[in-house]
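Here's the structure we're looking at; comments come further down.
Just so it is clear: chains get the letters A, B, ... in the order the sequence lines come, proteins before strands, and each one is counted from 1.
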2 protein chains.
Amino acid sequence: MTPGRAVRTTLEYALIGLIRQMPRSGYELRKVFVETAMAGYSGSPGAIYPALRRLEADGLIQGTKQPGERGRPRREYRLTPAGEAVLQEWLAQPVTRDDVALRLDELMLRFAFLAYAADSTRRTLEFLESLEAHLEALLVDLHQQIEAVDAASRHVPITHARLALEAGISSIADRLRWAREARARFSTTGGKE
Amino acid sequence: MTPGRAVRTTLEYALIGLIRQMPRSGYELRKVFVETAMAGYSGSPGAIYPALRRLEADGLIQGTKQPGERGRPRREYRLTPAGEAVLQEWLAQPVTRDDVALRLDELMLRFAFLAYAADSTRRTLEFLESLEAHLEALLVDLHQQIEAVDAASRHVPITHARLALEAGISSIADRLRWAREARARFSTTGGKE
DNA sequence: CTCGGCATGTAATCCGTTACATGATTCT
DNA sequence: AGAATCATGTAACGGATTACATGCCGAG
């Protein structure tokens, strides 16, 4: 059985994935969040360092003091076999409807790290297929909701609420297009070429 | 000065806006979150009822026992003048870059309630203009990041990370198109017609 | 030897989640 | 009276935010 709790926070998974990419220190990890599009998974020290401590306490990562070239020595973390197992388990998780509707960004994080999955290409294709199916279903739902909004406000020409809903619909449709094209690319190249 | 803390949680603003639309009970508010696209602002009772208590304690909403037709009587909340003031203050907030990059969904919530802003049409246009400007800037940034990714992984044909980044870019571009069209519609009709 | 910048950490506070418990009314 | 249902509440817990504090090294 895996050490620590069964389910981890999004931030923890983000850290695990980044460390899997290459061994890194807390400071480097923080810079990734601050400087790249991965902001939003939070880069505050008050979140990262405790999370790293938890992961190390649960044996998923291991830190080694790295005599820095200048300044205070960094503590470089690398993934343990247990950590690799947790990563694989996460990547193998099915894509649920709630994931798509409520936590799409965590899903995209998972997609990004699907590169490290065992049998990566197959898993990636499955992931995208499932994502597409749920996005399609969601679109149907949202179109029904927009009809409800229209019915409720017959006289008013454009309500803010309707426009906001349209933004949501458009964004789902956009992601669906993305998924289809991504899958097409993976299907032809097999992810390798 | 306004009672209570200066800044409120997204959930609280969502509640304030919905109550502004029409007086509602906690149960009704919960249904809105569960049944509509507003899920994601959380609909758990453990979040809603305490939030309503906070708002009432701070004098932003006022609940009155409403003898229900069946079942336990509902507690119907309506906005107080202080609550209206807080709502207006929130709606008048400038659109910052961090809002756009990190909290786009809260921004869309604000947009939806901009219908209730004093001088709604003008504020809406300003909101959209500012949103567009920040989205454009963000797009430039993200395109630079994708070049960095390309430089880092020259040989590999499609990396998952690059695809995930493309999804983000596409989604920002999509929202930008939405904002432009929304503004066009508001400009011509003046939001009324 | 202290200054400044790199790197890590911590303390207070607060909100949301989950799961459970309770209140109030009608129907049978 | 009890069941069913509508509606509200609460208790335990954990993690994120914010703001601050500390450690360690080289340069001057």
Side-chain angles (χ1 to χ4, degrees), chain A residues 4-16 19 23-35 38-58 61 63-77 98-99 102-103 105-106, chain B residues 4-16 19 23-35 38-58 61 63-77 98-99 102-103 105-106:
Chain A
R5 28 203 155 299
V7 82
R8 310 225 142 240
T9 68
T10 305
L11 175 58
E12 285 173 328
Y13 286 123
L15 293 172
I16 288 173
I19 291 170
R24 298 177 201 248
S25 68
Y27 194 74
E28 287 174 312
L29 289 162
R30 229 190 116 202
K31 277 201 293 190
V32 174
F33 291 118
V34 171
E35 294 170 1
M38 290 196 64
Y41 301 109
S42 164
S44 60
I48 286 193
Y49 289 108
L52 288 171
R53 289 308 204 71
R54 287 197 299 271
L55 293 175
E56 188 169 28
D58 291 343
I61 62 177
T64 62
K65 215 175 307 169
Q66 209 71 6
E69 324 227 318
R70 55 184 168 284
R72 179 176 180 171
R74 311 170 314 131
R75 197 169 163 68
E76 198 176 73
Y77 291 101
D98 275 5
D99 285 335
L102 266 35
R103 294 175 292 272
D105 33 336
E106 180 182 329
Chain B
R5 28 205 157 298
V7 80
R8 311 227 141 237
T9 68
T10 306
L11 175 58
E12 286 174 327
Y13 285 124
L15 293 172
I16 289 174
I19 291 170
R24 298 178 201 246
S25 67
Y27 193 75
E28 287 174 312
L29 290 162
R30 230 191 117 202
K31 278 201 293 189
V32 173
F33 291 118
V34 171
E35 294 170 2
M38 292 196 63
Y41 300 109
S42 165
S44 61
I48 287 194
Y49 289 109
L52 288 170
R53 289 308 203 71
R54 287 197 299 272
L55 293 175
E56 188 169 27
D58 291 343
I61 61 177
T64 61
K65 215 174 311 170
Q66 209 71 6
E69 324 225 318
R70 56 184 167 283
R72 181 174 176 172
R74 309 171 315 132
R75 197 167 162 71
E76 198 176 72
Y77 291 100
D98 276 6
D99 286 335
L102 266 37
R103 292 175 294 270
D105 34 335
E106 179 181 329

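For the pair Tyr41(A) OH and dG15(D) C1', the computed distance is 17 Å after rounding to whole Å. Distance CZ (Arg53(A)) to P (dG15(D)): 15 Å, rounded to an integer number of Å. One can place CZ of Arg75(B) at 16 Å from P of dG23(C), the figure rounded to the nearest angstrom. With rounding to whole Å, Tyr49(B) atom OH is found 16 Å from dA19(C) atom C1'. Here dG15(D) presents its C1' atom at 13 Å from CZ of Arg8(A), a figure rounded to the nearest Å. Atom P of nucleotide dG16(C) and atom CG of Leu15(B) are separated by 9 Å, given to the nearest angstrom. We find that CD1 of Ile48(B) is positioned 15 Å from P of dT10(D), with the value rounded to whole Å. Taking atom CD on Glu56(B) and atom C1' on dG9(D), their separation rounds to 14 Å, with Å as the unit.
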- Task: Evaluate the criterion side-chain contact (heavy atoms from CB on, under 4.5 Å) for residue pair Leu15(B) and Tyr77(B); output intermediate values, then yes/no.
- Result: CA-CA 10 Å; Leu15(B) 293 172; Tyr77(B) 291 100; over 6 Å; no

- Query: Under the side-chain contact (heavy atoms from CB on, under 4.5 Å) criterion, do Thr10(B) and Arg103(B) qualify, and how do the steps go?
  - Reply: CA-CA 10 Å; Thr10(B) 306; Arg103(B) 292 175 294 270; over 6 Å; no

- Item | Trace of the side-chain contact (heavy atoms from CB on, under 4.5 Å) decision for Asp58(A) with Arg8(A) | CA-CA 11 Å; Asp58(A) 291 343; Arg8(A) 310 225 142 240; 2.4 Å; yes

- Might you work through the side-chain contact (heavy atoms from CB on, under 4.5 Å) test for Leu52(A) and Arg75(A), ending with a clear yes or no? CA-CA 11 Å; Leu52(A) 288 171; Arg75(A) 197 169 163 68; over 6 Å; no

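Under a 3.5 Å cut-off, the side chain of Arg24(A) and the backbone N or O of Ile19(A) do not form any donor-acceptor pair.
In this view, Arg53(B) satisfies the salt bridge (charged side-chain N to carboxylate O under 4.0 Å, His left out) rule with no residue, not counting sequence neighbours.
The line from CE of Met38(A) to NZ of Lys31(A) is 15.5 Å long, rounded to the nearest 0.5 Å.
OP1 and OP2 of dT8(D) both lie 4.0 Å or more from every side-chain N or O belonging to Tyr27(B). A close approach under 4.0 Å does occur between a side-chain nitrogen or oxygen of Thr9(B) and OP1 or OP2 of dG16(C).
If you check every strand for non-hydrogen atoms under 4.0 Å, Leu11(B) touches sugar and phosphate atoms only.
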Between the protein and nucleotides 18-22 of chain D, list every N/O to N/O distance that falls short of 3.5 Å.
none

